[in-house]
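All remarks here apply to the structure that follows.
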Amino acid sequence: NKMASISGGEIRVFLSTDGGTTYKAFAYESDCSFELTADTREITSKDDAVFRSYVTSAKAWTITGSAIYGDDDASEWNPDEIYAELGESVDVRITQVAAGGVAPVVGESKIEGSAILTSFSGSFADKDNGTYSFNLQGSGAFTVGTNA
């Protein structure tokens, strides 16, 4: 019995700057990732003998990605629009789309939450594509839902 796999090209990041009413994908996105981390604090005492003990003190999440530099697609986020959002709180969604598209697949999972665009950088190598990368720091808890 084989598990169905998802191609990395089918996962996209979407941003909303109007409170979650409208979401747009990053234009020419080439990769993205979601990371969940847990900070710990030590609670070792004499009762623990040899091994140290820890508890979770806080959790955090981030979404990062990169894309080819371009500005021709008004239906998606272009680099010149993203600059203005640096340091701003935005609504973010990461979910599965049909390969080559930006329409979320109905019935598939989505992760959503409030995040701050903490960094945006461009890279322009000679005789190669201009690219940009972005980092979104989640603020508070994210939710997991299903695309309608």
Side-chain angles (χ1 to χ4, degrees), residues 3-71 73 75-99 101-125 129-148:
M3 181 178 99
S5 65
I6 297 172
S7 166
E10 295 176 14
I11 305 297
R12 296 287 301 260
V13 178
F14 297 83
L15 282 191
S16 172
T17 57
D18 61 7
T21 302
T22 10
Y23 282 87
K24 293 195 307 184
F26 283 85
Y28 310 109
E29 182 182 299
S30 53
D31 70 80
C32 63
S33 63
F34 173 78
E35 181 180 22
L36 179 60
T37 58
D39 296 333
T40 58
R41 61 184 167 84
E42 186 176 347
I43 58 165
T44 305
S45 71
K46 293 178 182 179
D47 296 332
D48 292 313
V50 182
F51 290 95
R52 297 187 181 281
S53 295
Y54 297 86
V55 295
T56 302
S57 59
K59 295 179 183 177
W61 58 276
T62 56
I63 293 176
T64 61
S66 61
I68 296 172
Y69 219 96
D71 62 0
D73 191 344
S75 67
E76 297 180 16
W77 286 103
N78 293 292
D80 54 353
E81 297 174 298
I82 297 168
Y83 300 150
E85 302 307 322
L86 186 65
E88 298 296 320
S89 182
V90 295
D91 291 299
V92 63
R93 173 187 295 158
I94 185 169
T95 191
Q96 186 177 355
V97 299
V102 293
V105 177
V106 174
E108 293 297 337
S109 295
K110 62 181 176 179
I111 296 169
E112 293 180 322
S114 179
I116 297 170
L117 182 63
T118 56
S119 72
F120 177 91
S121 62
S123 178
F124 311 99
N129 293 326
T131 59
Y132 67 91
S133 60
F134 57 88
N135 291 294
L136 293 150
Q137 175 63 60
S139 182
F142 61 86
T143 59
V144 178
T146 303
N147 293 321

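When reading the values below, keep in mind they use all heavy atoms of this one structure, side chains included, and skip hydrogens, waters and symmetry mates. Position 1 is the first residue of the sequence, and the numbers go up from there. Every value quoted in this text rests on a predicted model; they were computed, and no experiment measured them.
In the model, Asp31 has a side-chain atom that pairs as donor or acceptor with a side-chain atom of Ser66 under 3.5 Å. No hydrogens or angles considered: a donor-acceptor pair under 3.5 Å links the side chains of Ser133 and Ser121.
The backbone N or O of Ser57 sits nowhere less than 3.5 Å from a side-chain atom of Asp39 that would complete a donor-acceptor pair.
Side-chain atoms of Ser30 and Thr131, non-hydrogen and from C-beta on, never get closer than 4.5 Å to each other. Using a 4.5 Å heavy-atom cutoff, the side chains of Asn135 and Gln137 are not in contact.
Distance CG/Leu136 to OG1/Thr118: 7.0 Å, rounded to 0.5 Å. The distance from the CD1 atom of Ile116 to the CD atom of Glu88 is 9.0 Å, given to the nearest 0.5 Å. Interatomic distance, Thr62 OG1 to Glu35 CD, rounded to the nearest 0.5 Å: 4.5 Å. Taking CD1 of Ile94 as the start and CZ of Arg12 as the end, the distance is 11.0 Å to the nearest 0.5 Å.
With sequence neighbours excluded, the residues satisfying salt bridge (charged side-chain N to carboxylate O under 4.0 Å, His left out) with Arg52 are Glu42. Take Phe51 and apply the ring pair (Phe, Tyr, Trp, His ring centres under 6.0 Å) test, not counting sequence neighbours, and it matches no residue. Checked against side chain to side chain donor-acceptor pair (under 3.5 Å), Tyr69 has the following partners two or more places apart in sequence or in another chain: Tyr83. Scored by the side-chain contact (heavy atoms from CB on, under 4.5 Å) test, Val106 finds no partners at all (sequence neighbours excluded). Considering only residues two or more places apart in sequence or on other chains, Phe34 meets the ring pair (Phe, Tyr, Trp, His ring centres under 6.0 Å) condition with Phe142.
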Would you mind writing out the side-chain donor-acceptor pairs for residues 13-20 within the sub-3.5 Å range, not counting sequence neighbours?
from  : atom 1 : to    : atom 2 : distance (Å)
Ser16 : OG     : Asp18 : N      : 3.4
Ser16 : OG     : Asp18 : OD1    : 2.7
Ser16 : OG     : Gly20 : N      : 2.9
Ser16 : OG     : Thr22 : O      : 2.9
Asp18 : OD1    : Thr21 : N      : 3.1
Asp18 : OD1    : Thr22 : N      : 3.0
Asp18 : OD2    : Thr22 : N      : 3.3
Asp18 : OD2    : Thr22 : OG1    : 2.2

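Closest of all the heavy-atom pairs between Ser53 and Thr44 is N-OG1, 2.9 Å. Nearest heavy-atom pair, Val102 versus Ala25, reported as atom, atom and distance to 0.1 Å: CG1-CB, 3.8 Å. Annotation for Trp77 and Tyr132: closest pair O-OH, 3.9 Å, computed over non-hydrogen atoms. Scanning all heavy atoms of the two residues, the minimum distance from Leu117 to Glu85 falls at CB-O, 3.6 Å. In terms of heavy atoms, Gly70 sits closest to Tyr28 at CA-CE1, 3.9 Å. When every heavy atom of Tyr23 is checked against every heavy atom of Glu112, the shortest pair comes out as OH-OE2, 4.0 Å.
Paired with Lys24 under the rule salt bridge (charged side-chain N to carboxylate O under 4.0 Å, His left out), one option of Glu76, Glu29, Glu81 passes, and it is Glu81.
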